[in-house]
Every structure is written in structure tokens, then in C-alpha cells.
Amino acid sequence: MSAHSHVEKIDKEPELVNARPPPSAAYPAGQSPYYRKLGDPGPLGLYGFASTTFILSMYNVQARGVATPNVVVGMALFVGGLAQFVAGMWEFATSNTFAATAFTMYGGFWMSFATVFIPGSGVLTAYGTNDTELNSALGIYLITWMIVTFLLLVATLRRNMGLVVLFFFLTITFALLAGGKFSATHAVSLTKAGGAFGIITAMVAFYVGTAEMLNDRRNSWFVLPLGQIPQREIV
């Protein structure tokens, strides 16, 4: 009799220690109980891009007589570079391929741009006193980013007008700055023009970033319009 009771006790013990699963009604259909909603990394990426672009563009127009851009290196490495790069990685997690591509690319751009001005990198010293070759190399570098920006501009045409305007002005900015490197006679004027368009680009990026941050009506008193473009209906 005692042996039989002992067997019954062993059979029942697993039921006592098994944790009950949460009720199915606690989570939406198909959603894991460990699901955690991600915040929107868009404002971080846009603010990182806008602030660094604004500082460099102010130097390009020689605001307050500043013509040497080396102070922007720290911003380019950690704000325009690192912060924007990780924002791009988080956009992949939110399934936003366009934003992930744009933020990651421009994060890499700012880090590569900063590397040019870091003395230890040896980029500038490799050209010695040959300023013509250096300017041509930088011009090709900027033209490459103009092409990337133009392709991203095409990708914005079914998103919103804020992004369309942003990438339109950024494309012009890169074109003017590249022209300033290629031209010997109009270098200063083209660089200043590129700086002016860069300032406009930064202001638009600040606006779009703020609009995205205020997009949640539960946590903001108002929203800013972005000029949404009707999406294509998939039949």
C-alpha cells in the first residue's frame, strides 16, 4: 500500500512544478510573450545628421570667419557618425529598410569624413603639398555621395514631402561642394553656396526629426505635418 502511494506521488510531482503558460488573450495573435515594442530611432538619426551638417555648413559659409572645419571632427565621429549608425541598425529591427540604409550610410559617411581630418590617419599628409590632387580626390569622394543621395531621393518619392525636400537639398549640397573641390577659380563661392544649401538641409532635417518625435499623439500636444504622399494600393 505504501509503495503504491509512493508511485502516485512521483507521477503527480511534475504537474506541481510546471509553470502555467500565460493566457492566450494576454498577447495579440502570433505575438511572443517576450515581445517588446521598439521606440522610433528616426529622430535620433535625423538629429545626429542635422546637427553635424549644420555645424560643418556654418564653417563652409565661413560664419564668424571660421574656415577650418576641424572642430567638427568630434561631432562627425560620435553624433553624425556613431549615433546615426546605431539608429540605422535599430531601423533594421523595425523593418524600415529605407531609414536603415540611409542612417547607416550617412553614419559611415560622417565617420569616414572625420577620419580625413584626424592627423593620425595620414590621409591629408599622404598628399603633401599637392593641393590639386587632394582637392580632386575629395571632389570624387563628394560626387560619390551625391550619387548615393540622389538614389535615396528617388526612394523618397512615395514617402513624404519632408524627406523629398531633405534629400533634394542634400543632393544639391554635395554637388556644390564637389564643384568647389574641382574648380580652381570658383572654389570659395561654390563651397559657400554648398554651405548655404547645407544649412537649409540641416533645418529641414531638424524639422522632419521633430515631426517624427511628435508623431505619437498620446505623448505630444500637437503634430507637425510632413506632407504624406498617398501609398500605392497593392491589389
Side-chain angles (χ1 to χ4, degrees), residues 27-28 30-57 72 74-115 141-142 144-174 198 200-220 223-234:
Y27 302 96
Q31 181 173 304
S32 167
Y34 303 105
Y35 171 83
R36 176 183 293 178
K37 185 177 180 181
L38 295 174
D40 182 8
L44 169 63
L46 285 163
Y47 278 3
F49 170 82
S51 56
T52 312
T53 301
F54 177 77
I55 293 174
L56 181 60
S57 297
V72 82
M75 283 288 293
L77 282 174
F78 298 105
V79 183
L82 180 61
Q84 195 173 182
F85 186 87
V86 296
M89 294 295 100
W90 290 328
E91 287 286 10
F92 277 116
T94 63
S95 299
N96 190 342
T97 303
F98 170 80
T101 303
F103 287 146
T104 306
M105 287 293 292
Y106 288 116
F109 161 76
W110 281 116
M111 287 188 280
S112 68
F113 182 82
T115 303
Y141 172 82
L142 293 169
T144 302
W145 282 101
M146 184 203 74
I147 295 171
V148 171
T149 305
F150 176 77
L151 295 175
L152 290 171
L153 169 63
V154 174
T156 66
L157 297 179
R158 293 302 296 267
R159 294 181 179 274
N160 61 66
M161 289 304 299
L163 288 176
V164 172
V165 173
L166 170 60
F167 282 92
F168 173 76
F169 279 111
L170 185 56
T171 302
I172 296 176
T173 300
F174 276 123
I200 297 172
T201 301
M203 292 298 104
V204 175
F206 276 129
Y207 177 88
V208 175
T210 304
E212 290 192 5
M213 189 162 54
L214 298 177
N215 190 44
D216 187 354
R217 294 177 180 271
R218 297 169 299 177
N219 299 317
S220 60
V223 295
L224 297 175
L226 283 174
Q228 295 296 332
I229 300 174
Q231 300 296 310
R232 177 182 300 172
E233 295 183 2
I234 301 177

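The model shown is predicted, which means the values in this text are computed figures rather than measured ones.
Between L163 and F98 the shortest side-chain heavy-atom distance falls below 4.5 Å. No side-chain heavy atom of L82 sits less than 4.5 Å from a side-chain heavy atom of L77. Counting heavy atoms from C-beta on, the side chains of N219 and D216 come closer than 4.5 Å. A heavy-atom distance below 4.5 Å is not found between the side chains of Y207 and V204. Residues T144 and M146 are not in side-chain contact: their nearest non-hydrogen atoms beyond the backbone lie 4.5 Å or more apart. Under the 4.5 Å side-chain criterion, counting only non-hydrogen atoms from C-beta, F113 is not in contact with T115. For the pair L226 and V208, the minimum side-chain heavy-atom distance is below 4.5 Å.
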Yes or no on side-chain contact (heavy atoms from CB on, under 4.5 Å) for F78 and T52, after CA distance, side-chain angles and deciding distance? CA-CA 10 Å; F78 298 105; T52 312; over 6 Å; no

Take W110 and V79 through the side-chain contact (heavy atoms from CB on, under 4.5 Å) test and state the conclusion after the steps. CA-CA 9 Å; W110 281 116; V79 183; over 6 Å; no

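For F174 and F109, the gap between ring centers is short of 6.0 Å.
The nearest pair of heavy atoms linking Q228 to R159 is OE1-O, 3.6 Å. When every heavy atom of F85 is checked against every heavy atom of G108, the shortest pair comes out as CD1-N, 4.4 Å. What you find for T210 and Y47 is that their closest heavy atoms are OG1-OH, 2.7 Å. Looking at every heavy atom in both residues, A102 comes nearest to F167 through CB-CZ, 4.3 Å. Shown here for A83 and V86, the closest heavy-atom pair between the two residues is O-CG2, 3.1 Å. Shown here for I55 and V72, the closest heavy-atom pair between the two residues is CG2-CG2, 3.9 Å.
The structure places CG of L152 at 12.0 Å from CD1 of I147, a figure rounded to the nearest 0.5 Å. Within the model, atoms OG1 of T53 and CZ of F206 stand 8.5 Å from one another, a figure rounded to the nearest 0.5 Å. How far CG of L224 is from CE of M213: 9.5 Å, rounded to the nearest 0.5 Å. Rounded to the nearest 0.5 Å, atoms CG (D40) and CG (L46) are 9.0 Å apart. Atom OG1 of T101 and atom CG of L151 lie 11.5 Å apart (nearest 0.5 Å). With rounding to the nearest 0.5 Å, the separation of CE in M203 from CZ in F169 is 13.0 Å.
Residues passing the side chain to side chain donor-acceptor pair (under 3.5 Å) test with E91 are T94, sequence neighbours excluded. Under the ring pair (Phe, Tyr, Trp, His ring centres under 6.0 Å) criterion, F92 pairs with no residue, sequence neighbours left out. Not a single ring pair (Phe, Tyr, Trp, His ring centres under 6.0 Å) links F103 to another residue, sequence neighbours left out.
Around CZ of F168, the count of heavy atoms belonging to other residues, nucleotides or ligands within 6.0 Å does not exceed 12.
Side-chain N or O atoms of T149 include none that pairs as donor or acceptor with a backbone N or O of T171 at under 3.5 Å. Side chain of T156 to main chain of L153: a donor-acceptor pair is present (N/O by atom type, distance under 3.5 Å, no hydrogens or angles).
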